[in-house]
Amino acid sequence: MGLFFEKAESVPSSKSMSIIKTFIIIGMIIFFVLSIINGIDFTYMRFVFLLAGINLAITGFEGLNHKVNKKRYILDFVFAFVWLLLFVIY
């Protein structure tokens, strides 16, 4: 059964981080909807990219704090960098 699906390492988030991540995701949804309403306006999409980068950076710092597998939090930081780079480019 473990051929296609691996058991993920789950790191419990603190309550304050969970609340912050929830607000970030709600903000991403709001900016995405505003972008669609205005005809895929990249002004709003930039903020979606920014919030996605911040969310992954928070996840990376949380993994670093909980001492999870090094590959996992480095990957979080790389994806955060990509999202923040998209924010700067657009």
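Note that the numbering runs from 1 along the sequence shown for the chain. Fair warning: this is a prediction, and the values are worked out from it, not measured in the lab.
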So does Phe77 have more than 12 non-hydrogen atoms from other groups sitting under 6.0 Å from CZ? yes

Interatomic distance, [X] atom [atom1] to [Y] atom [atom2] [nearest 0.5 angstrom]:
X     : Y     : atom1 : atom2 : value
Leu75 : Phe79 : CG    : CZ    : 4.5 Å
Leu34 : Ile29 : CG    : CD1   : 12.0 Å
Leu64 : Asp76 : CG    : CG    : 10.5 Å
Ser14 : Ile20 : OG    : CD1   : 7.5 Å

Which heavy-atom pair separates [X] from [Y] by the least distance, and what is that distance?
X     : Y     : answer
Tyr73 : Val68 : CE2-O, 3.8 Å
Ala57 : Ala80 : N-CB, 3.7 Å
Leu51 : Met28 : CB-CG, 3.4 Å
Asn55 : Ile24 : CB-CG2, 3.9 Å

Would you say [Y] ends up clustered with [X] if hydrophobic residues are merged whenever their side chains have heavy atoms under 4.5 Å apart, either directly or through other cluster members?
X     : Y     : answer
Leu50 : Val78 : no
Ile26 : Phe49 : yes
Ile30 : Phe42 : yes
Ile40 : Leu86 : yes
Met45 : Ile36 : yes

Are the side chains of Tyr44 and Phe32 in contact, using a 4.5 Å heavy-atom criterion? no

Check whether any side-chain heavy atom of Lys21 sits under 4.5 Å from a side-chain heavy atom of Thr59, and report yes or no. yes

NZ or CZ of Arg46 within 45° of Phe87 ring axis and under 6.0 Å: yes

Would you say the side-chain atoms of Ser35 pair up with the backbone N or O of Phe31, donor to acceptor, closer than 3.5 Å?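 Side chain of Ser35 to backbone of Phe31, a donor-acceptor pair under 3.5 Å: no, none is there.
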
